[in-house]
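Report on the structure given below.
Reckoned from all heavy atoms, side chains included, excluding hydrogens, waters and symmetry mates.
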Amino acid sequence: MKTILSATILSVFGAQAALAGPYDGVYKQAANAECAMIGVDGGAVRIADGIFYGVEVECRMADPVNVLDMDALLYTMQCSGEDQVFSERAMLMNKAEGNGIIMVWDGYAFVYDRCPEPGAVVVDAPVTDDAAAPVTDAAATE
């Protein structure tokens, strides 16, 4: 009985982990975007459990295909919003620098920086003792 219960718990947690995609998160539409506002102009977009939540659109990310020689996935996006239903292909990849993604649709490329986790402390630049030290000309002190 204990073995069956353990197997059931593992399969439930394994299935939930399998739902999380490599690009799940909240991303800024612009540098000054409000991360708490999802799906509106000036806010953020979100990817969660295989669904992309954009500005007034929601797309189920289906049939992921690895892109040859790239760390990227090509999805069939089954979208609905603003009284429209459509299907498009979109490629997603992590940015080469920084923490974010690049999303490419036919003719369009979007670069999104990841929003900080709620409650996370954001530091723009590391502060060290050296940063506070005055700058002197080495030749003048010799």
Side-chain angles (χ1 to χ4, degrees), residues 1-139 141:
M1 180 67 170
K2 189 175 184 178
T3 305
I4 294 172
L5 181 60
S6 296
T8 303
I9 290 171
L10 286 174
S11 67
V12 168
F13 285 117
Q16 288 177 344
L19 290 176
Y23 305 106
D24 281 8
V26 178
Y27 300 93
K28 299 176 185 183
Q29 292 182 53
N32 61 347
E34 177 59 47
C35 290
M37 296 172 44
I38 307 292
V40 297
D41 284 326
V45 297
R46 178 170 59 124
I47 298 174
D49 300 325
I51 299 175
F52 170 74
Y53 300 92
V55 177
E56 299 180 13
V57 68
E58 187 175 299
C59 301
R60 179 160 305 283
M61 301 166 65
D63 306 321
V65 176
N66 286 317
V67 177
L68 185 63
D69 294 330
M70 293 178 69
D71 186 17
L73 291 172
L74 182 62
Y75 291 92
T76 299
M77 307 293 272
Q78 300 164 341
C79 305
S80 61
E82 296 185 343
D83 299 325
Q84 293 182 351
V85 176
F86 59 95
S87 181
E88 298 264 341
R89 301 280 279 170
M91 181 174 64
L92 277 81
M93 66 185 76
N94 289 312
K95 287 175 44 181
E97 295 179 5
N99 191 8
I101 60 171
I102 299 170
M103 179 179 260
V104 179
W105 298 74
D106 187 20
Y108 301 94
F110 301 93
V111 178
Y112 298 118
D113 288 322
R114 186 178 291 270
C115 287
E117 293 292 325
V121 176
V122 178
V123 178
D124 289 333
V127 177
T128 64
D129 290 338
D130 293 340
V135 177
T136 59
D137 184 7
T141 58

Nearest-0.5 Å distance that lies between atom [atom1] in [X] and atom [atom2] in [Y]:
{"X": "Cys35", "Y": "Glu117", "atom1": "SG", "atom2": "CD", "value": "10.0 Å"}
{"X": "Asp41", "Y": "Glu34", "atom1": "CG", "atom2": "CD", "value": "14.0 Å"}
{"X": "Asp113", "Y": "Gln29", "atom1": "CG", "atom2": "CD", "value": "12.5 Å"}

Could you pull out every donor-acceptor pair under 3.5 Å between side chains of residues 99-112 and any protein atom, sequence neighbours left out?
residue, atom, partner, partner atom, Å
Asn99, OD1, Arg114, NE, 3.4

Taking only residues at least two apart or on different chains, which pairs with a member in residues 70-104 satisfy disulfide (SG to SG under 2.5 Å)?
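Sorted result for residues 70-104: Cys59-Cys79.
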Which heavy atom in Leu92 sits nearest to a heavy atom in Tyr23, and how many Å separate them?
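So the minimum-distance heavy-atom pair works out to O-OH, 3.0 Å.
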Nearest heavy atoms of Gly50 and Asp24, plus distance in Å:
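Looking at all heavy atoms of both residues, the shortest contact is N-OD1, 4.4 Å.
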Among pairs that include at least one residue of residues 59-80, which meet side-chain hydrogen bond (donor to acceptor under 3.5 Å, both in side chains), considering only residues two or more places apart or in two chains?
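Matches after skipping sequence neighbours: Thr76-Arg89.
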According to side-chain contact (heavy atoms from CB on, under 4.5 Å), who are the partners of Ala33, at least two apart in sequence or on a separate chain?
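Result, side-chain contact (heavy atoms from CB on, under 4.5 Å) vs Ala33: Lys28.
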